[in-house]
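First comes the structure, then the notes that go with it.
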Amino acid sequence: MPQTIQGFSRLNKEEKIDWLTSNFLSDSKNATSILKQYWNSDAKLQQLHDEFIENTVTNYYLPLGIAPNFVINNKTFAIPMTIEESSVVAAASKAAKFWMSRGGFKAEILGTQKIGQVHFSYTGDAQKLSSFFELTKPILLNDLKTLTASMEKRGGGITSIELINKNDQLANYFQLHVTFETLDAMGANFINSCLEQLAESWQREYTNYPVFSESNAEMVVIMSILSNYVPQCVVRAEVCCAVSELTEADGIDPEVFATKFVQAVCIAEVEPYRAVTHNKGIMNGIDAVVLATGNDFRAVEAGAHAYAARNGSYSSLTHATIENGIFRFWIEIPLALGTVGGLTKLHPLVKLNLEILGNPSAPQLMEIIAVAGLAQNFGALKSLTTTGIQKGHMKMHLMNMLNQLEATDTEKSKAIHFFKSNKVTHSAVDSFIKNLRQN
């Protein structure tokens, strides 16, 4: 049975690997070799990667692909995408090319404000607390000046502070609800630093306020933290064209295709079982660019799915209509992103990817990433409503299957030729390779 260990973080990387392989891996020599083969030969670059997180033992590679031919607001982009899923980059590229000759994608920012909250309990009179808040707000803001001065010089900072009474949902629960503008920074550290100072000032002023000291009312700060739900930090991206221009849809009549496409989106708007998979496809495109640009894809995922459920049931993030012969397809999605701070100035590939995108501001990156999600969804729905998702998807998986079977270059070449006109399944590929080897 593996032994517990004290002071693991103090071991060097070699010692960590020795302990890991000897306790948890059956072939420790081979496991050690695999872990070390992913180390970068540049010691300085490897150290940089080692220090991104704690207890690093090696690097974990994901492919970085490029989806070209995106026209966004009349400007052409090649979009970097980091993802392991076959067909995502291909689908995005195909959708980009499809819309390139139909006016491209249009995108606009609907808002850029982010949210943080100080959560606390209070057992006294709510009206007294409200009066105290109005009286204390200038003091709270003044205490924050040292933290917000730099951001304010650039046009950002705190835009509002509200006292919210949540007693109807949880006994004695209140919050200070704070809205921030963080410009090109994602702003998590800035927001959390402000909130912790706000909580400290709020507690201090409450303790020193005579009205409360003379009563039995108790106020306790529970926690101070930003929210990854950012419904005021939203971007819209869309495509539109005459229905008659929706050709190249695998030979299907444009009107039939447009009608089926809109119906597919409507189903995702009303059916949660479908909406989850529908939105997962959108996030295939979004997460890939979020990762490639050094942003927090977990925060983006959480915020997007919360937004999809904002009206009380989980629904599609995209929408489509046909009106007066015009097909329109769009997405509105919250995206809290940064182009300064974090990995954006540390990870060499992140810096390179941002340069590929023209070193965008955070709002511009919001537009690009929303477009990537819309393109991904268009590609998926186009396949679903025409040939079916498996035809193209499984062909993209073919190389993975061949690699699992350890096919030679000659076997791969023959398999690719054969499956151009035959259905790809794992059993079919397995049989094909076995037959080749028997002859």
Side-chain angles (χ1 to χ4, degrees), residues 62 65 67 79 81-92 94-95 105 107 110 115 227-239 257-292 295-321 327-337 366 368-394 396-397 400:
L62 287 174
I79 299 184
M81 304 181 82
T82 299
I83 193 167
E84 87 299 339
E85 174 72 16
S86 300
S87 79
V88 169
V89 178
K94 191 174 181 180
F105 296 82
L110 304 183
I115 300 298
S227 174
N228 290 128
Y229 182 44
V230 285
Q232 294 167 281
C233 186
V234 177
V235 56
R236 176 192 289 134
E238 69 172 67
V239 288
F257 167 67
T259 300
K260 288 183 68 176
F261 190 101
V262 171
Q263 288 174 331
V265 175
C266 290
I267 289 169
E269 288 175 332
V270 301
E271 172 50 67
Y273 281 93
R274 171 57 198 147
V276 170
T277 309
H278 178 94
N279 288 344
K280 185 269 181 185
I282 293 169
M283 302 312 292
N284 277 344
I286 286 176
D287 285 349
V289 192
V290 172
L291 263 175
N295 277 276
D296 186 345
F297 75 92
R298 286 93 45 198
V300 167
E301 279 272 353
H305 294 302
Y307 193 75
R310 69 192 183 280
N311 294 321
S313 64
Y314 191 87
S315 182
S316 171
L317 288 164
T318 55
H319 310 279
T321 58
F327 170 83
R328 181 170 172 249
F329 179 49
W330 73 97
I331 186 171
E332 287 185 9
I333 188 167
L335 293 173
L337 304 171
M366 287 171 67
I368 292 166
I369 291 179
V371 163
L374 187 68
Q376 203 67 42
N377 195 218
F378 178 80
L381 291 176
K382 184 171 177 286
S383 293
L384 281 169
T385 56
T386 54
T387 60
I389 200 72
Q390 287 298 86
K391 181 180 178 181
H393 187 67
M394 292 306 290
M396 294 304 298
H397 273 290
N400 288 341

Q: Find out whether V276 and K280 are in side-chain contact, i.e. whether some heavy atom of one side chain is under 4.5 Å from a heavy atom of the other.
A: no
**Q.** Minimum side-chain heavy-atom gap M81-Q376 below 4.5 Å
**A.** yes
Q: Any salt bridge (Lys or Arg N to Asp or Glu O under 4.0 Å) involving residues 227-236? Give me the pairs, sequence neighbours left out, ordered by first then second residue.
A: E108-R236, R236-E332
Q. Should T321 and V262 count as side-chain neighbours, where that means a heavy-atom distance under 4.5 Å?
A. no
Q.
For a 4.5 angstrom cut-off between non-hydrogen side-chain atoms, does L337 reach V300?
A. yes
(Q) Ignoring hydrogens, what is the shortest heavy-atom contact between A268 and A275? Give both atom names and the distance. (A) O-CB, 3.1 Å
Q. Rounded to the nearest 0.5 Å, what separation is found between the CG atom of L384 and the CD1 atom of I267?
A. 10.5 Å
Q: Show the numbers, then the answer: is there a side-chain contact (heavy atoms from CB on, under 4.5 Å) between D296 and V290?
A: CA-CA 7 Å; D296 186 345; V290 172; 5.8 Å; no
Q) How far apart are the closest heavy atoms of A320 and V265, and which atoms are they? A) N-CG1, 3.7 Å
Q | Backbone N/O of A309 and side chain of S313: donor-acceptor pair under 3.5 Å | A | no
(Q) For a quick test of reading the model, state the closest non-hydrogen atom pair linking A370 to I333 and the distance between them. (A) CB-CG2, 4.2 Å
Q. Quick one: does S315's side chain have a donor or acceptor within less than 3.5 Å of a partner on E269's backbone?
A. yes
**Q.** Nearest-0.5 Å distance that lies between atom OG1 in T259 and atom CZ in F327
**A.** 10.0 Å
(Q) I'd like to check the side-chain contact (heavy atoms from CB on, under 4.5 Å) partners of E301; sequence neighbours left out, ordered by chain and number. (A) M283, D287, H305
Q) Going by the angle between their ring planes, with limits at 30° and 60°, are F261 and F329 parallel, tilted or perpendicular? A) perpendicular
Q | Non-hydrogen atoms of A308 and L317 that approach each other most closely | A | CB-CD2, 3.9 Å
(Q) On a heavy-atom basis, which atom in A67 and which in A92 lie closest, and how many Å separate them? (A) CB-CB, 4.2 Å
(Q) Please verify the inter-ring angle class for H319 with W330; under 30° counts as parallel, over 60° as perpendicular, anything in between as tilted. (A) tilted
Q.
Nearest 0.5 Å, please: how far is OG in S316 from CD1 in I331?
A. 8.0 Å
**Q.** Check: N284 and I286 side chains under 4.5 Å, non-hydrogen atoms
**A.** no
(Q) Which residues pass the side-chain hydrogen bond (donor to acceptor under 3.5 Å, both in side chains) test with N279, not counting sequence neighbours? (A) Y314
Q.
With a 4.5 Å cut-off on side-chain heavy atoms, are I368 and I79 touching?
A. yes
**Q.** Considering all heavy atoms, the nearest V239-L374 contact
**A.** N-CD2, 4.1 Å
Q. Considering only heavy atoms from C-beta outward, does the side chain of Y307 approach that of V234 to under 4.5 Å?
A. yes
Q. Is there side-chain contact between T318 and H278, with at least one heavy-atom pair below 4.5 Å?
A. yes
Q: Using the side-chain contact (heavy atoms from CB on, under 4.5 Å) rule, take Y229 and I115 through it: C-alpha gap first, then chi angles, then the decisive distance, then the call.
A: CA-CA 8 Å; Y229 182 44; I115 300 298; over 6 Å; no
**Q.** Distance (rounded to the nearest 0.5 Å) between I282 CD1 and F378 CZ
**A.** 13.5 Å
